[in-house]
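One structure is given below, encoded as structure tokens.
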Number of protein chains: 2
Amino acid sequence: MAETIIPKATAKRLPLYYRYLTFLANSGTTKVSSTELSEAVKVDSATIRRDFSYFGALGKRGYGYDVNDLIKFFKKILNQDRLTNVALVGVGNLGHALLNYNFRQANNIRISAGFDLNPEIAGTIQSGVPIYPMADMVEQLREQQIEIVILTVPTDAAQDITDDLVKAGIKGIMNFTPLRISVPSYVRVQNVDLATELQTLIYFLEHYGPTLKDADDAE
Amino acid sequence: MAETIIPKATAKRLPLYYRYLTFLANSGTTKVSSTELSEAVKVDSATIRRDFSYFGALGKRGYGYDVNDLIKFFKKILNQDRLTNVALVGVGNLGHALLNYNFRQANNIRISAGFDLNPEIAGTIQSGVPIYPMADMVEQLREQQIEIVILTVPTDAAQDITDDLVKAGIKGIMNFTPLRISVPSYVRVQNVDLATELQTLIYFLEHYGPTLKDADDAE
DNA sequence: GCAATATTGTGCAATATTTCGCTTTTCAAC
DNA sequence: GTTGAAAAGCGAAATATTGCACAATATTGC
């Protein structure tokens, strides 16, 4: 949306910076240098300076960055200044774990509705979140104006349910199924494929020497 | 070790290819083209061909790739021809979900031991996996010669426990905590940071127009 | 066996990302 | 003030990755 268009690689690191900055603020630290930040988040200090510089000159030469200034700035950029509601589609093992995962505290994100086929939990409240039957999904998502969902359904059902999500006007899907779902271009999918990540880790261990850097995040 | 050194980006896609290939094999398909694969895994066909070509000429021009040949080949490359044991450190909400996550079926990976501080579950068997008290961790990991762990402990404890893991001779850590843990260079860390990923998704939705491609995996 | 077709493998250009190294600015101490 | 040290900002080089476009080659149908 109009800013100077940030590289994707940078965008992925912003939440990481943000979290560490809030940690610093909570422990009373008021200034930080790219070098200190680098040690904490394991990103090269030049990369951090470059990342920040996309947003303008946020620091002071010879001094560093003011922690509270950065937080104030990134809070807005990252939408942390307002609560984001998301839905959980599929309340199985992983779904339950995510219900209890504290997205809210660190990130101002709330799972405000769940959906599941299982009649034993549809209609109940799990970890404070109302679970609706799958049949009501499109209607509820529209009504509650939810634009982002976490998809943790069986792989077989993933594409069909995704199609419904699209009908319901969803804009973003965090996809925990191993299926690479098909969506229209205006819908964004973030794949989190646990088995693949573990597999990748094993591959790196077997085939790359030590000291190889990155390998990082899902991604 | 020693092969022609594959780009990291390629290595991360291998498990994805492998999974879809096994799916094809199970449904009786014997040949596949890079174009078909491309549609299923949402990776450009030229990228797929390039990825495969790092391993030699695996396909036949004018024909495509033989599914079973590819599977046989990648099975070895990806260590899927033998069972890999991993440990789960921290058996809370997410840990429990991972115990039930079927790594084994698709990936020949087994969680063969769990560790937790909580005396209520230490000493029990959860989802078929024995859970040991944290105090026995180093000893057990050594004894069972486990080299890879999944770390799902509270953030506060993450670095201390990581230090113990290193002492126990661990080589790879799949880190679900938001802390970027410090490890010696011979230990590889794969970060899976759920809140950050969700945050990134939200950022992309707010700041990038539609149709932007990637954004992908944890990564 | 030949022509038409399909599809790989890859040189190369385009794009994306990281990192070096230096200039500039700011701060702190005297 | 003046000076020295610290550290951002940034041009430009280095590195990594992707994707185009096409020649090479296999397959299929006649």
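Chain letters run A, B, ... following the sequence lines, proteins first and then strands; every chain starts at 1.
Taking the ring centre of A:Tyr65 as origin, the terminal cationic atom of A:Lys60 falls outside the region bounded by 6.0 Å and 45° from the ring axis.
The side chain of A:Pro7 lies closest to C:dT17, out of D:dA8, C:dT17, D:dG19. Of the candidates D:dA8, C:dT10, D:dG19, the closest approach to any side-chain atom of A:Tyr65 belongs to D:dA8. Side-chain proximity of B:Ser33 to D:dG9, C:dT19, C:dT7: nearest is C:dT7. Picking from D:dT17, C:dT17, C:dT18 the nucleotide with the shortest atom distance to the side chain of A:Tyr54 gives C:dT18.
Each of A:Thr162, A:Asp163, A:Val166 was compared with A:Ile181 under the side chain to side chain contact (heavy atoms under 4.5 Å, CB included) criterion, and only A:Thr162 meets it.
Rounded to an integer number of Å, the gap from A:Asp69 CG to D:dA8 P is 14 Å. Regarding B:Phe55, its CZ atom lies at a distance of 17 Å from the C1' atom of C:dT8, rounded to whole Å. Remark: C1' of D:dA8 and CG of A:Leu70 are 12 Å apart, rounded to the nearest angstrom. Between the CD1 atom of B:Ile5 and the C1' atom of D:dA16 there is a distance of 13 Å, rounded to whole Å. Rounded to whole Å, atom C1' of C:dT18 lies 15 Å from atom NZ of A:Lys12. Per the geometry, CD1 belonging to A:Ile6 stands 13 Å off P belonging to C:dT18, to the nearest Å. Rounded to whole angstrom, the span from the CG atom of B:Asp51 across to the C1' atom of C:dT8 amounts to 14 Å. Here the P atom of nucleotide D:dA7 and the CD atom of A:Glu39 are 11 Å apart, to the nearest Å.
Residues A:Ser38 and A:Val43 form no side-chain contact, since every pair of their non-hydrogen atoms from C-beta on lies 4.5 Å or further apart.
At a cut-off of 3.5 angstrom, the base of D:dG19 holds no donor-acceptor pair with the side chain of B:Arg49. A donor N or O paired with an acceptor N or O is found under 3.5 Å between the base of D:dG19 and the side-chain atoms of B:Arg50.
With the nearest nucleotide of DNA chain C identified for both B:Leu58 and A:Thr47, B:Leu58 has the one nearer the 5' end. When each of B:Ala9 and A:Ala57 is assigned the nucleotide of DNA chain D with its nearest heavy atom, A:Ala57 is the one assigned upstream, toward the 5' end.
Side chain to side chain, B:Glu197 and B:Thr200 fail the donor-acceptor criterion of an N or O pair below 3.5 Å. Looking only at atom types and distance, the side chain of B:Gln80 has no donor-acceptor partner in the side chain of B:Asn108 under 3.5 Å away. For A:Asp51 and A:Tyr17, the side-chain atoms include at least one donor-acceptor pair closer than 3.5 Å. Side-chain atoms of A:Lys75 and A:Thr22 include no donor-acceptor pair closer than 3.5 Å. A donor-acceptor pair shorter than 3.5 Å cannot be found between the side chains of A:Arg110 and A:Thr84. Side-chain contact annotation: B:Lys12 with A:Thr196, donor-acceptor N/O pair under 3.5 Å absent. If you check the side chains of B:Tyr203 and A:Asn79, you find no donor sitting under 3.5 Å from an acceptor.
At a threshold of 4.0 angstrom between heavy atoms, the contacts of B:Ser34 are confined to the sugar-phosphate backbone, with no base atom among them.
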Distances for protein N/O vs nucleotides 26-30 of chain C N/O pairs under 3.5 angstrom?
| residue | atom | partner | partner atom | Å |
| --- | --- | --- | --- | --- |
| C:dT26 | O4' | A:Arg61 | O | 2.8 |

If pairs are Watson-Crick or G-U with both distances under 3.5 Å, what is the dot-bracket string of DNA chain D, marking crossing pairs with [ ] and pairs to another strand with |?
||||||||||||||||||||||||||||||
